[in-house]
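Have a look at the structure below, then the notes.
One is the number of the first residue; the rest follow in order along the sequence.
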Amino acid sequence: MAFTDEELMMRALEIALEGMLAGRGGPFGSVIAKDGVIIGEGSNEVTSANDPTAHAEIVAIRNACRALGSFRLEGCRIYTSCEPCPMCLGAIYWARPEKFFYAGTREDAAAAGFDDEDIYEELALPVPSRRLPAEPMLRDRALDLFREWIEMPDKITY
């Protein structure tokens, strides 16, 4: 049975509540559908899995990709209970869905104590100006790896 966009968003919101009440993590849920059929779901599992990457969108993307047997979500739609954080937004772009929808905004999340605004601000700064020190090293070896990749005849591009 195919669901509407609104029904799929309602499911994402239900998953957020279920995960939060079950103690898996914060109030976030995500659903991924293809042609209106759910192929992946996820709630926030950061604290229960001790995994800072276990955001609802990431969990749902992993489940949907496993179900499809693909690292791409082409032709899929993603529904999230809240505007994605920078990490999840990057993962959504890498997954290449046709569209994504969100309910709450990042400002709403900040008001509830989930403030990713500092990350958005950091990403806009040049690397040397960021608060987390980052130092390049062994670039020549990294360039060798990229050259090897470019020359691989049987690589799977993404």
Side-chain angles (χ1 to χ4, degrees), residues 1-127 129-132 134 146 149 152 154-158:
M1 175 175 132
F3 295 101
T4 66
D5 289 331
E6 187 171 308
E7 289 170 326
L8 292 161
M9 182 60 80
M10 283 299 300
R11 178 64 186 143
L13 293 163
E14 289 169 6
I15 292 168
L17 179 62
E18 291 167 7
M20 179 182 71
L21 295 178
R24 287 193 296 268
F28 303 100
S30 184
V31 168
I32 300 175
K34 185 165 187 149
D35 300 321
V37 177
I38 296 173
I39 60 167
E41 296 182 336
S43 65
N44 184 288
E45 299 176 5
V46 169
T47 57
S48 61
N50 293 317
D51 181 352
T53 70
H55 289 201
E57 297 92 334
I58 303 294
V59 173
I61 287 170
R62 289 174 180 159
N63 290 332
C65 286
R66 205 172 298 119
L68 289 177
S70 174
F71 56 87
R72 290 190 177 173
L73 296 176
E74 292 167 334
C76 295
R77 291 179 169 205
I78 300 178
Y79 305 81
T80 70
S81 62
C82 188
E83 184 176 356
C85 74
M87 175 184 68
C88 293
L89 187 58
I92 289 169
Y93 272 90
W94 276 111
R96 294 176 174 82
E98 71 176 24
K99 189 173 187 176
F100 78 93
F101 302 84
Y102 59 92
T105 67
R106 68 193 213 200
E107 293 81 13
D108 299 332
F114 298 94
D115 192 358
D116 299 326
E117 196 58 39
D118 61 328
I119 298 172
Y120 284 102
E121 291 170 3
E122 283 280 307
L123 292 174
L125 296 173
V127 174
S129 299
R130 295 179 186 164
R131 72 172 185 265
L132 182 61
F146 285 126
W149 171 258
M152 278 182 64
D154 58 347
K155 66 181 169 270
I156 298 173
T157 58
Y158 57 98

Heavy-atom pair of closest approach, residues Ala134 and Val127: CB-CG1, 3.9 Å

What heavy-atom pair brings Pro27 and Phe114 nearest, and what distance separates the two atoms? CD-CZ, 3.5 Å

Side chains of Thr105 and Glu107: do they bring a donor and an acceptor to under 3.5 Å? yes

Does the ring centre of Tyr79 sit less than 6.0 Å away from the ring centre of Tyr102? no

Do Glu18 and Arg11 pass the salt bridge (Lys or Arg N to Asp or Glu O under 4.0 Å) test, and can you show the C-alpha distance, the side-chain angles, and the key distance before you say yes or no? CA-CA 10 Å; Glu18 291 167 7; Arg11 178 64 186 143; 3.3 Å; yes

Residue pair Glu57 / Cys82: nearest heavy atoms and the distance that separates them: OE2-O, 3.7 Å

Are Thr80 and Met9 close enough, and set up right, to give a side-chain contact (heavy atoms from CB on, under 4.5 Å), and what steps lead you there? CA-CA 7 Å; Thr80 70; Met9 182 60 80; 5.6 Å; no

Which heavy atom of Leu8 sits nearest to which heavy atom of Ile38, and what is that distance? CD2-CG1, 3.5 Å

Nearest-0.5 Å distance, OG1 of residue Thr157 to NZ of residue Lys155: 7.5 Å

Value rounded to 0.5 Å, distance of CE in Met87 from CD1 in Ile92: 10.0 Å

Closest non-hydrogen contact found for Ala2 with Val37 is CA-CG2, 4.5 Å

Where Cys76 and Ile32 come nearest, the two heavy atoms and their spacing: CB-CG2, 4.0 Å

Which value, rounded to the nearest 0.5 Å, describes the distance between Cys88 atom SG and Glu83 atom CD? 11.5 Å

Could you walk me through whether Asp115 and Arg106 pass salt bridge (Lys or Arg N to Asp or Glu O under 4.0 Å), step by step? CA-CA 8 Å; Asp115 192 358; Arg106 68 193 213 200; over 6 Å; no

Taking the side chain as everything from C-beta on, heavy atoms only, tell me whether Cys85 gets closer than 4.5 Å to Ile119. no

Quick one: are Arg24 and Val59 in side-chain contact, heavy atoms under 4.5 Å? no

Where do Arg77 and Glu98 land on the side-chain contact (heavy atoms from CB on, under 4.5 Å) test, with the steps shown first? CA-CA 6 Å; Arg77 291 179 169 205; Glu98 71 176 24; 2.7 Å; yes

Are Leu125 and Glu121 close enough, and set up right, to give a side-chain contact (heavy atoms from CB on, under 4.5 Å), and what steps lead you there? CA-CA 7 Å; Leu125 296 173; Glu121 291 170 3; over 6 Å; no

Could you give the distance from CD1 (Ile58) to CD (Glu45), rounded to the nearest 0.5 Å? 12.0 Å

Point-to-point distance, once rounded to the nearest 0.5 Å, from CG of Leu68 to CD of Glu74: 10.5 Å

Begin from the C-alpha positions of Arg66 and Ile61 and carry the test side-chain contact (heavy atoms from CB on, under 4.5 Å) through to its verdict. CA-CA 8 Å; Arg66 205 172 298 119; Ile61 287 170; over 6 Å; no

Taking C-beta and beyond as the side chain, do Phe100 and Pro84 meet within less than 4.5 Å on heavy atoms? yes

